[in-house]
Visitor: 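Quick one: structure below, then a few questions.
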Amino acid sequence: MGIMDLFKSSKVEEEWLLPEESRKHLSEHFEKMRYDVHFEVFTSKDMNPDFNEYAVRFLRDLSRLGGKISFDQYELDSDKARERGVDASPTLLVNPDEYDIRFQGAPLGEEGQSFITAIMLVSLRQSGLSEDSRGILAELDQPRSVDVFVSPTCPYCPGQVISAIKCAIEKPGLVSARCIETGENEALARKHNVGGVPLTVVNDGEHRMDGLFPEERFVAELVTLQDASELMARHDHSHDHAEEVDLVIVGAGPAGLTAGIYAERAGLSAVVLEKGIVGGQVALTPNVENYPGFPSVPGMQLMDIMSQHAREYVNVHESESVEEIKIGRNIEVLTDRRTYLCKSVILTTGAVYRKLGIPGEDEFYGNGVSFCASCDGYIYKGRKVAVVGGGNTALTDALHLAKLGADVTVIHRRDTFRAQKALVESLEEQAIPVVWNTVVEEVVGEDGQVTTLKLRNVLDDATDEMAVDGVFVAVGQEPGNALAQMIGLNMDGGGFVKVDGRMRTSIPRVYAAGDITGGLQQIVTAIAEGSIAAMSAFEDMSSPYWKQS
Ligand code: NAP
């Protein structure tokens, strides 16, 4: 069980907020604490009362577990609050005499992960930044205030918050880090036009980062207050010492993680490289209901369990992006960090969101246009949103948004859904309105925020407008085939990699599995393909089919 699971259990005992199993795991975790960690928590009965109670009960639980955690509670209207510059409830400060690290809003859901990480790093008095990041941050000589806007179900948010906290620990006098729950801090979110999370605002708007960044890029942008994407891409491999492994697996969704487990269990040395975070598309699915053994499970939770299992066998490197694969006598895999020398490669690079390709879609991305209902849904509680699409993703997203309290309408270009019957029935039961036979032709906004969708009925060309605060685009996926194209694998007309029954591609020693191969694109099929690819790689190494006549 992962740290994040600890916050998701519904089994809560009376005198404790955290269930017994979670307390046991946290106690074990806290045994590694070195120095005391002290919190100051500020509350006001007039602001977010439910979340205040949660925050205080949560801290009380933690202080009873570790022995090294303590806290003091203050009123928001107090001299202490004024001294610390706290003006929102609840706010939790971590070792405020040493650092400026604050959680504004209760650390619920995914944010529990960054909260526990903050405790551990502060307790060790170590930033945990990589050597490269520390080198970049060493150049900082001006103050930086870092506000990371998050939501409880956003799987990308903890990564960004943790980077901010690490910088605040590394440069205590200069960097302050604030994790802001968007839903509990609406006025602040409005001030910074938050339409998607994570959104990182540096120095009250001097620089913004949309989404989760690899740690080094985060640090580079924090220092320079400029886009550092190109800087990060210019990695020089010439001095790298190549790491030797039998198998490199590219992508850490269900297919890649399964391939890792099977490869290591077969006796191969393997590494799984993931340019973002583990979990692939599933991590962004609000709820999965067709994975056997789990009648209903949040996608992120399922992937946490899967990745914990995989990590028992195989090294999984997040935020490591493969830039080039050179196929020779050995295979060289060049990433933005290092070079691997291997015998085989499995591509499990999945799929990427398909865009509508209409005016306003890019312009308002992160400011009302979203491709991730799991991440951004919370922001639209009580507001009007549209979901575009008629497949499983669109309906899963619409149901999730309705559950969060958004006023949802589905817009679909035909008069029937292609989604599974169970989802269609749920949509009908919830009486979620559908605009049939209609396409969105333009996303319009004002002051940088979406306000209106321009619609066209495909049957009679009649045009209309719909006032919305946000639009979730769920019109399918396109294969993530950039690497496959680069090395020249055979693909079908849709850009999916062609494989045989053993998941072998057109180039010997290169295999593919999961959504990148097209087909049914389900978690269970990705898992099956991952296991087959790993076993084929293993068998082909000892008995190369391409050398047999
Ligand atoms: P999908 O099944 O390809 O559906 C895409 C939907 O978007 C279709 O309804 C399509 O309309 C519509 N669409 C495509 N391009 C459009 C455009 N330019 N403008 C307007 N509408 C457009 O994609 P998905 O729902 O993302 O699912 C992808 C894969 O993941 C599927 O294999 C799915 O089964 C799987 N998945 C499964 C679950 C689950 O099992 N619970 C959940 C999520 C995803 P038409 O119908 O007219 O083509």
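Keep in mind the model is a prediction, meaning the values are calculated, not measured. For ligands, and for the atoms within them, numbers begin at 1 and follow the listed sequence. FYI, side chains are in, hydrogens and waters are out, and symmetry mates aren't considered; it's all heavy atoms of this structure.
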Visitor: Any side-chain donor-acceptor pair under 3.5 Å between T335 and K275?
Guide: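 Distance-only check fails for T335 and K275.
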
Visitor: Ligand 1 versus Q521, non-hydrogen atoms closer than 4.0 Å: side chain, backbone, both, neither?
Guide: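 Both parts.
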
Visitor: For Q281, what residues pass the side chain to side chain donor-acceptor pair (under 3.5 Å) criterion, not counting sequence neighbours?
Guide: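 Q281 satisfies side chain to side chain donor-acceptor pair (under 3.5 Å) with Q477 once adjacent residues are dropped.
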
Visitor: Any heavy atom of L520 closer to ligand 1 than 4.0 angstrom?
Guide: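 Yes; L520 lies near enough to ligand 1 that a heavy-atom distance drops under 4.0 Å.
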
Visitor: What part of E289, side chain, backbone, both or neither, has a heavy atom within less than 4.0 angstrom of ligand 1?
Guide: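 Looking at E289 and ligand 1, no heavy atom falls under 4.0 Å.
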
Visitor: How are the rings of F103 and F115 set to each other: parallel, tilted or perpendicular (split at 30° and 60°)?
Guide: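 The rings of F103 and F115 stand perpendicular, inter-plane angle above 60°.
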
Visitor: Assign the ring pair H192 / F149 to parallel, tilted or perpendicular, where the plane angle (0 to 90°) is split at 30° and 60°.
Guide: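 Taking F149 first and then H192, their aromatic rings sit tilted (interplane angle of 30° to 60°).
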
Visitor: Check each heavy atom of Q281 against ligand 1 and say whether those closer than 4.0 Å belong to the side chain, the backbone, both or neither.
Guide: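 Neither; nothing of Q281 gets under 4.0 Å from ligand 1.
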
Visitor: Which is it for N290 and ligand 1 at heavy atoms under 4.0 Å: side chain, backbone, both or neither?
Guide: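 N290 to ligand 1: side-chain contact only, backbone stays beyond 4.0 Å.
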
Visitor: Any nitrogen or oxygen of L356 lying under 3.5 Å from a nitrogen or oxygen in ligand 1? Just yes or no.
Guide: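 N/O-N/O distance below 3.5 Å does not exist for this pair.
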
Visitor: Would you say T396 has any N or O atom under 3.5 Å from an N or O of ligand 1, going by distance alone?
Guide: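 Between T396 and ligand 1 (N or O atoms, distance only) the closest approach is not under 3.5 Å.
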
Visitor: Would you mind listing every ring-ring contact (aromatic ring centres under 6.0 Å, His included) that reaches into residues 382-425, with sequence neighbours excluded?
Guide: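 Qualifying pairs: H412-F417, F417-W436.
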
